[in-house]
Amino acid sequence: MSLAYDLTPQEMPEDVTPEMVERIDEICAAYRGKPGALIPVLQKCQEVVGYLPVPVQEHIAKALGVPGHEVYGVTTFYSFFSMEPRGRHVVRVCMGTACYVRGGKEALDRLERHLNTPVDTTTEDRRFTLEQVRCLGACGVAPVVVVNQDTHRKVMADAVVDLVEQYD
Amino acid sequence: MSKISIDQLSQIQQKVEKEQALRQGQTGTGAHRMHLLICGGTGCQAAGSIAVYEALKAEIDKQGLSGEVAVIETGCNGFCALGPVMVTYPEGIFYVNLEEKDIPEVVESHCKNGEPVERLFYKDPSSKKFIPHMKEIPFFALQELIALKNRSLLDAESIDEYIGRGGYQAMAKALKEMSPEDIVAEVKKSGLRGRGGAGFPTGLKWEFCQKSPGEIKYVLCNADEGDPGAFMDRSILEADPHAVVEGMVIAAKAIGSHHGYVYCRAEYPLAVNRLQLAIDHAKEYGLLGENIMGTGFDFELNIYQGAGAFVCGEETALMRSIEGKRGMPRPRPPFPAVAGLWNRPTILNNVETWANIPQIIEKGGDWYAGIGTEDSKGTKVFALTGHVNNIGLVEVPMGTPLRTIVYDIGGGIPKKHRKFKAVQLGGPSGGCIPEDKIDTPCEYAAIMEAGAIMGSGGMIVMDDSTCMVDMARFFMDFVQEESCGKCTPCREGTRRMLQILEKICAGEGEPGDIETLEELSATIQEASLCGLGQTGPNPVLSTLRYFRDEYEAHVHDKTCPARSCVALLKFQVDEDKCKKCGMCFKNCPVDAIDWKKKEVAKINLDKCIKCKTCIENCKFDAIF
Ligand SMILES: Cc1cc2nc3c(=O)[nH]c(=O)nc-3n(C[C@H](O)[C@H](O)[C@H](O)COP(=O)(O)O)c2cc1C
Ligand code: SF4
Ligand code: SF4
Ligand code: SF4
Ligand code: FES
Ligand code: FES
């Protein structure tokens, strides 16, 4: 991710509704002043909005009373946080060692080709976001692919296309 | 529920013990005549174990057996690849690959008529015989359980079940009968070394912190489990979360701490849920919180969810992260035992380390030190994966030879036409142990000498279809991506190494590349601040040590001997080697292969998408 994001105040993107902003304010109010609050707040806010665009980060910074660059610094450091909107379905292919040696790489290649989108991007129709993750701790059933909350095991390259096509 | 005293703890234990006795093969003491323990760990859930569990309960009800047969959902049983798995007691019969549709038959035939269903038993891959009893399956028979003592034996969401297995008795003993010095002495005597990677003596760490002056101190649990391919911590938290809680309270008493955190990665939702339940139940019973069991000791425990950065597993970075900052390591000293979380004296231990503590306190340090080797005491849990028949969690006494783990417990390499090549130990900080060192005993020093490290216990078996240069590239990609960027050698050097490795795998290696890799490795190891940079080049160095010829083949001959690096493959059939079997033809996903009976296969390169499926399926290495 580029560091060249514009840090001047921006308007909220359209997909961030007033109700979401209200929820964000509630979350921040509950944590304000508590030590170590920033990461849990960002986790909760990302749950509400789906991602953390810069204006949302600025809003959080104000509501918690911490400098904007600190919020931005944390958001960009941890891979859990995303600054881009995600697709309706998030497909995460495990690229941990166990999955890699048992064919996870081939499954990922096949998906990139099928969805016509490189890893860590979202398809144009916003149906899928394709991500790779580092070990989901289900190595015993490698290769593992997680679609939204569903963990699928032993997903070989041949099967992965049919798997994602079940989600529309 | 109300707060309980030490006496009431023992009463609960005695009551539950009677019910659980069935799982030790004793009948007639509990309310049920049969227990069905179905695995609800992550691996089995991915295989549909929740639906099987629901079906089982419904079927037991339907057949009017609910008063006699209990259905219990456990954490990971260890043999994940065969999930959903279930053990039935008192017989100890092990069912594998259960599906919803099998349930009516299992209940009717086994639970009702006492005739177990043979087709669902474990089948030995070499003898092709069914083995009904769990304890007779080599995968289980050769293990010795301490950290995983309760695995697949209890309902992980019930505190009573844990107490029934003797849980919280060690904590009661530590709080009531032992001084902080006694506790530290016992842990020191056990010889326990930290299971998170570096193997630092646990008792010594506690002693430093105990002696550090300070009113406020912290006890932390490292459940970040960043090593790819390792899942023992996840499994312990899902199967036996109270063991970790109990261990942490004992340490709290030893160092005089009243507050702790478990730092758990957000990718482990089931582990977080079960741990949270465990904490809530312990609080309700007064086994956590204020005045624990009336002993006057207070301890609060909270979960802190990580946000996806491998470097946060490093202890100083982890503390930063709990403070809500970017998780970057800082130089030591000061050591965390003096100035850790919020600058207070702090101890951090790994999940598996914590799970050993209650038993060390209960049975004594000498008992623990009696297991394992001189250099490495006790047992170690390994996550055995990769190209091996029996994939799963394996706990063995330290000193067990690698061969025993890979062949006797793991059942060897699955593909008949493949050969064992190496085991990778220790993840991105570790290295490979090749075939001629397969008799190395699993203990810290011997593994180090063989060129790897114990690490957190990820053990990846690789057959000869694995390209070692590509493996090195894989780990370097990991390290490069996870470098926090604070030190230039780690940030820039690993990127440079990755570029070279990518180039070599792409068939563009040049003379001198191997030497450059070696130079860069030395610099990065020396000039990096934390363990990530200091050990990051290890997979490259260890593969160079044992498989240098493979690097050379890539650079000089532009070939990949393992037939793995796509850029170096021609996707042609060697007519002399082709046995005309048609396996490649049958498996190609895009019909790019021409083949007829009794004819050599031919690959149509215009259609081929270079997916390597044919190469994997050709038993005769005829495609190059
Ligand atoms: C880059 C890096 C990542 C680490 N990741 C983990 C981890 O995921 N889990 C863990 O327990 N220890 C990890 N460690 C080791 C910890 O820093 C620390 O040594 C350990 O948690 C101490 O506990 P132990 O003595 O019980 O092993 C990591 C170390 C480094 C340098
Ligand atoms: S060695 Fe690497 S990961 Fe560790 S502090 Fe330095 S830059 Fe960060
Ligand atoms: S590499 Fe894949 S597409 Fe090409 S011939 Fe082999 S199986 Fe078919
Ligand atoms: S799988 Fe191998 S041996 Fe069999 S037809 Fe294909 S190339 Fe020939
Ligand atoms: S390596 Fe994929 S789940 Fe562990
Ligand atoms: S998750 Fe069921 S055996 Fe591991």
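A note on names: the letters A, B, ... follow the listed sequences, proteins ahead of strands, and every chain is numbered from 1.
- Chain B forms the most heavy-atom pairs under 4.5 Å with one residue out of A:M156, A:H152, A:K154, and that residue is A:K154.
- Using a 4.5 Å heavy-atom cutoff, the side chains of A:Y167 and A:V91 are not in contact.
- Your options are A:V144, A:D150, A:V101, A:L38, and the one with the most heavy-atom pairs under 4.5 Å with chain B is A:V101.
- The greatest number of non-hydrogen atom pairs below 4.5 Å with chain B, out of A:R113, A:Q149, A:E70, is found for A:R113.
- In terms of heavy-atom pairs under 4.5 angstrom with chain A, the leader among B:H387, B:E482, B:E616 is B:H387.
- Taking chain B as the reference chain and counting heavy-atom pairs below 4.5 Å, the highest number among A:I39, A:D158, A:V133, A:T97 is found for A:T97.
- Among the residues in residues 421-430 of chain B, none has a non-hydrogen atom closer than 4.5 angstrom to a non-hydrogen atom of chain A.
- Of the residues considered (B:C484, B:C312, B:P228, B:A309), B:P228 shows the highest number of contacts with chain A, using heavy-atom pairs under 4.5 Å.
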Is there a side-chain hydrogen bond (donor to acceptor under 3.5 Å, both in side chains) between B:T42 and B:E238 once you walk through the steps? CA-CA 8 Å; B:T42 301; B:E238 287 177 5; 2.6 Å; yes
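- When the candidates A:R153, A:R134, A:R102, A:E106 are compared by the number of heavy-atom contacts under 4.5 Å with chain B, A:R134 comes out ahead.
- For the pair B:R234 and B:Y268, the cation-pi criterion (under 6.0 Å, within 45° of the ring axis) is fulfilled.
- By the 30° and 60° cut-offs, the orientation of the rings of B:Y304 relative to B:Y261 is perpendicular.
- The pair A:D25-A:R32 does not count as a salt bridge, with every side-chain nitrogen at least 4.0 angstrom from each carboxylate oxygen.
- Applying the ring-ring contact (aromatic ring centres under 6.0 Å, His included) rule to A:Y31 yields no partners; only residues at least two apart in sequence or on another chain are considered.
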